[in-house]
Amino acid sequence: MSDNENNHHSGVGLVVRGLRKSFGNQEVLKGVDIEVKPGEIFVIMGPSGSGKSVLLKHLIGLEEPDAGEILINSEPLTTPEIAAKYRMALVFQSGALLNSLTVGENVGLYLTEHRLKPAGEIKKIVEEKLADVGLKEAVDKMPSELSGGMKKRAAIARALVIEPQLILYDEPTSELDPLSAVVIGDEILELNRRIHVTSLVVSHDRDLAFGVADRIAVIIDGQIVTVGTPETVKNFNDPRVQEFLNADFKRDNKQPRL
Amino acid sequence: MFENIGEIVLLFWRTLLAMPQAWRQRDKIFDQFFEIGNASLLMVCVLSFFIGAVIALQTGPVLVERSLPNAVGGVVGIAIAKELAPVMMAILIAGRIGSAMAAEIGSMRVYQEIDALRTMNINPIHYLVLPRLLAISIALPMLVVFSVLVGWFGGAVVADLNHRMEIPFRVFFADLRDIVDLKDVANGVFKSFCFAVIIGTVSCHQGLVTIGGPRGIGRSVTKAVVNSIVLIVIFDYILTRFLLK
């Protein structure tokens, strides 16, 4: 996130303590506590409207908490200087590519706007990052020409250009077919293996969560209900968690729902 | 509209503070300038010609009947330079460019593109507002100068060809030169600069505060145009009062 060069090339640790946020009368986060270890893939699962995306926006500085604190490598994320010290990137649910720019321009935007490299070098880095996510041939395409999965992969490439120490994924597999979802999941694992970035994934996709997570937290109604390894969470004895994890379609001919 | 005046003034102030970034944003400023200027030129031409023509048509016969044919050039010249060209062009640009600014920025806001800029530490004021505000502040006064010339020409054509006036071209412009000063044109250009700042700031602000989906974008576009026009008319009076001193 910063123009400043810093020497941290591995992932950062993240601690969230007592985070609260309300919009009007509606309390969305009711004292969230989580601890993410450096280099870990940490997945926050929960039903729609449970506060996952709002939590993510707090971590990247798009929202300010009503109460509580966020620590990165034990430093409170309260000033722009601390935020600028660590490189963080968010992969938006929609990709959030700038529609007026080509895919290549989108991926190189951070470097271009902050004038961190000469144009030739930026071009090379963009091609390299797009190749990393299998989109080398899409460099001159407009975002409107890409499929949903390609947009998300382009958004990951844009995040990689920042060389993040913490990468946040907001519903990375939503609106994707199962094959594209697997590609994105593999991408998250591969990045974590290759650059040891700390990854925080917010998702309600159970397959993705149990496929990539080192640890999982389940958030329901703005509160963390449980945190642990995928196995621990799967066996956690709470009816709300079990209902969420085991929800499935049931074809019942005797009592049609419609 | 009035509850947002504070936010609009704050946005303008923040854009002024961002002015040292202007050189870095020169490509975007040029793109916007081209979009505003070049794309509006034909419309400005048609509108200005007929404004000049209709002013000559309305005032000319009345003045000629009262034995004041040498006032026609001056009346048309003053009306266009000081009032009609700046105000009409500002209204045209508010409708054409202000709406596009609000729609583009509003859509970027709704589809999280502005959030994406923030996560990359790119200030949306530097990236989006500054180029648009600077481009419109340069383009609108230039369009107004063009509009004044075309408007005078429209008035001269009608004064010459209309059988109730029949004021030759050369005489029309000689009369116009007797009455209209360079200062009068400068007044109109200054007004148009102020109107450009209003349109740019109001439209960008409206885009940045857009909420909701396509309906929200539509609402922002309407508000940007209506609020700009209302402020243009109010400031037109204030500026005219001030410039008359």
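Numbers restart at 1 for each chain; the letters A, B, ... are given by sequence-line order, proteins then strands. Values reported hereafter were calculated over all heavy atoms of this structure, with side chains retained and with hydrogens, waters and symmetry mates removed. As the structure is a computational prediction, the values presented were derived from the model and not from experiment.
Of the inter-residue distances, the one linking B:L117 atom CG with A:Y110 atom OH reads 13.5 Å to the nearest 0.5 angstrom. In this structure, OG1 in B:T119 is found 6.5 Å from CZ in A:R158, a value given to the nearest 0.5 Å. In this structure, A:L62 CG and B:D115 CG are separated by 4.5 Å, a value rounded to the nearest 0.5 Å.
Counting non-hydrogen atoms of neighbouring residues, nucleotides and ligands closer than 6.0 angstrom, the CE atom of A:M142 exceeds 12 such neighbours. A 6.0 Å sphere centred on CD1 of B:I238 holds more than 12 heavy atoms belonging to other residues, nucleotides or ligands. Atom CZ of B:R215 sits in a sparse spot, with 12 or fewer heavy atoms from other residues, nucleotides or ligands closer than 6.0 Å. Crowding of A:F23 atom CZ: a count of heavy atoms from other residues, nucleotides or ligands under 6.0 Å exceeding 12.
Using non-hydrogen atoms only and a strict 4.5 Å limit, no part of residues 191-214 of chain B faces chain A.
Heavy-atom distances place the side chain of A:L101, and not its backbone, under 4.5 Å from chain B.
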Table please: side-chain donor-acceptor pairs of residues 90-100 of chain A below 3.5 Å, with sequence neighbours left out.
residue	atom	partner	partner atom	Å
A:Q93	NE2	A:S174	OG	3.4
A:S94	OG	A:A96	N	3.4
A:N99	ND2	B:E113	OE2	2.9

Side-chain donor-acceptor contacts of residues 24-31 of chain B below 3.5 Å, not counting sequence neighbours, with atom names and distances?
residue	atom	partner	partner atom	Å
B:R24	NH2	A:E113	O	2.6
B:Q25	OE1	B:K28	NZ	2.4
B:R26	NH1	B:W23	O	2.8
B:K28	NZ	A:E113	OE2	3.2

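When all heavy atoms of A:H114 and B:M120 are compared, the pair lying nearest together is NE2-O, 2.9 Å.
Under the side-chain hydrogen bond (donor to acceptor under 3.5 Å, both in side chains) criterion, A:E128 pairs with no residue at all, not counting sequence neighbours.
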